[in-house]
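This is a predicted model, so every value here is computed, not measured.
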Amino acid sequence: MTGASSVSAWNRRSFACPQIDKLACRRVCRRRGRWCSTTASMASSVARARGNGSGTQAVSHCLFDMDGLLLNTEDLYTLAQEEVLAPFGKKFTWDLKAKTMGMKAIPASNLVVETLGLQGQLTPEQFLANRERILHKTFASASLLPGAERLLQHLHQSGIPICLATSSDAFNFNLKTTHHKPLFNEVFHHKVTGDMIENGKPAPDIFLHAAKGFEPPPDPSTCLVFEDAPNGVKAGKAAGMFVVMVVDPNMEQKDTLLADEVLNSLQDFDPTHWGLPPFTD
């Protein structure tokens with residue numbers, strides 16, 4: 001694979017959203033499977049392949065993150081964390097969110113408390129407990145993101161081994177997949193949750209552990225990781241795997257540079273770019 005192709009730098013501030021706020025915009029756009037008119041040109045500029053347009057790189061196994069990639073849980077996390085931080089006069093900014101995406105719960109909580117200077121007011125354990133109380137009431141409402149079920153079913157029915165590698169622990173995984181258990185149980189060869197590994201993303205452990213669960217285990221260089229978080233992309237690349245990144249409209253370009261392919265939705269993924277069977281629908 002060659003390096004990243006030249007693309008214009010993003011300027012988020014040049015796009016005015018017709019929704020009440022950006023969070024509302026992202027929720028509406030993701031449910032529709034496309035961005036609103038004011039962000040469409042930015043989103044379309046994101047969908048680009050880095051050196052794999054010829055389709056010469058074939059992969060044999062696929063590994064999927066879950067939060068923000070398959071399930072629309074990232075908005076739930078944002079709302080819960082904003083609610084916890086509000087009494088302290090702090091805001092859960094996009095920059096802070098991008099740093100914590102993909103991390104295990106304890107390290108992410110430590111980072112939030114330290115970054116916002118809440119030592120002495122709120123411990124990481126208290127932050128996490130307050131957040132979890134809110135999330136445990138909302139996780140069951142998590143919906144599949146556009147293109148997720150189609151891609152999972154296609155790979156499964158085409159005989160491509162796929163697995164799940166999520167930083168969520170087993171308890172939260174079960175909550176989030178309350179309405180999606182038949183799909184997740186059908187398509188994945190196996191599932192790896194965050195409580196099964198010691199070092200979370202951006203360490204490569206979860207993807208290396210997940211690859212070893214296949215029979216026989218593939219060489220990492222033949223694996224394709226699907227991620228939405230910068231920490232997840234770093235983990236996939238550190239594991240020696242290729243990475244497709246599905247980005248949030250707020251993501252800075254610098255946070256996508258390690259990915260081998262960057263898309264604005266799983267709906268835009270073309271399996272043939274990676275030597276995988278083409279869609280037939």
Inset, instruction - Indicate yes or no for a side-chain donor-acceptor contact from T78 to the backbone of E74 under 3.5 Å, with no hydrogens or angles considered. - result: yes

Inset, instruction - Indicate yes or no for a side-chain donor-acceptor contact from N110 to the backbone of P124 under 3.5 Å, with no hydrogens or angles considered. - result: no

Inset, instruction - For S168 and D67, test the side chains for any donor-to-acceptor distance below 3.5 angstrom and give the result as yes or no. - result: yes

Legend entry - Connected hydrophobic set around L128, excluding itself, where side chains approach under 4.5 Å: I106

Inset, instruction - Evaluate the side-chain contact (heavy atoms from CB on, under 4.5 Å) criterion for residues Q153 and L183: first the C-alpha distance (whole Å), next the side-chain angles of each, then the deciding distance (0.1 Å), finally the verdict. - result: CA-CA 8 Å; Q153 289 284 13; L183 173 66; 3.5 Å; yes

Legend entry - Over all atoms of both residues, closest heavy-atom pair of L63 and F207: CD2-O, 3.6 Å

Legend entry - Backbone of D65 reached by a side-chain donor or acceptor of T166 within 3.5 Å: no

Legend entry - Shared hydrophobic cluster for V244 and F242 (ILVMFWY, side-chain gaps under 4.5 Å): yes

Inset, instruction - May I ask you to check whether E252 and W94 show a side-chain donor-acceptor distance below 3.5 Å? - result: no

Just distance, no hydrogens or angles: give the donor-acceptor pairs under 3.5 Å from side chains in residues 213-220, sequence neighbours left out.
| unit_1 | atom_1 | unit_2 | atom_2 | d |
| --- | --- | --- | --- | --- |
| D219 | OD1 | S221 | N | 2.8 |
| D219 | OD1 | S221 | OG | 2.5 |

Inset, instruction - Examine R131 relative to Y77 and say whether NZ or CZ is less than 6.0 Å from the centre of the six-membered ring and inside a 45° cone about the ring axis. - result: no

Inset, instruction - Answer with yes or no whether the hydrophobic clustering places M103 together with I197; edges join I, L, V, M, F, W, Y residues whose side-chain heavy atoms lie under 4.5 Å apart. - result: no

Legend entry - Short side-chain to backbone donor-acceptor contact, K181 and N174, under 3.5 Å: yes

Inset, instruction - Check for a donor-acceptor pair, side chain of T93 on one end and backbone N or O of L96 on the other, with a separation under 3.5 Å. - result: yes

Legend entry - Expected output: side-chain Q126 to main-chain T123 donor-acceptor under 3.5 Å: yes

Inset, instruction - Return yes if some donor-acceptor pair links the side-chain N/O of K90 with the main-chain N/O of L116 below 3.5 Å, else return no. - result: yes

Inset, instruction - Please check if V262 and V233 belong to a single hydrophobic cluster, counting links between Ile, Leu, Val, Met, Phe, Trp and Tyr side chain heavy atoms closer than 4.5 Å. - result: yes

Inset, instruction - Kindly check if the number of other-residue, nucleotide or ligand heavy atoms within 6.0 Å of CD (E198) is above 12? - result: no

Inset, instruction - Say whether F64 and F184 are linked into one hydrophobic cluster, either directly or through other cluster members, by side-chain heavy-atom distances under 4.5 angstrom. - result: yes

Inset, instruction - Ignoring hydrogens and angles, tell me if any N or O in the side chain of S265 forms a donor-acceptor pair with the backbone of Q267 under 3.5 Å. - result: yes

Inset, instruction - Specify whether F226 and F269 have parallel, tilted or perpendicular ring planes, treating 30° as the upper limit for parallel and 60° as the lower limit for perpendicular. - result: perpendicular

Legend entry - H209 (side chain) donor-acceptor with P204 (main chain) under 3.5 angstrom: no

Inset, instruction - Considering non-hydrogen atoms only, spot the tightest contact between M196 and V192 and give its length. - result: SD-CA, 3.8 Å

Legend entry - Transitive ILVMFWY side-chain link L224 to L69, under 4.5 Å: yes

Legend entry - Inter- and intrachain pairs under ring pair (Phe, Tyr, Trp, His ring centres under 6.0 Å), touching residues 105-136, at least two apart: H136-F171

Inset, instruction - Determine yes or no for a side-chain-to-main-chain donor-acceptor pair under 3.5 angstrom, with D260 supplying the side chain and V243 the backbone. - result: yes

Legend entry - Close side-chain approach of M251 to M245, heavy-atom, < 4.5 Å: yes

Inset, instruction - Check S60 against I160 and note the closest heavy-atom contact, atom names and distance. - result: O-CG2, 3.7 Å

Legend entry - Smallest separation among heavy atoms of A211 and M241, with atom names: CB-CE, 3.9 Å

Inset, instruction - Please check if any side-chain donor atom of N130 sits under 3.5 Å from a side-chain acceptor atom of E83, or the reverse. - result: no

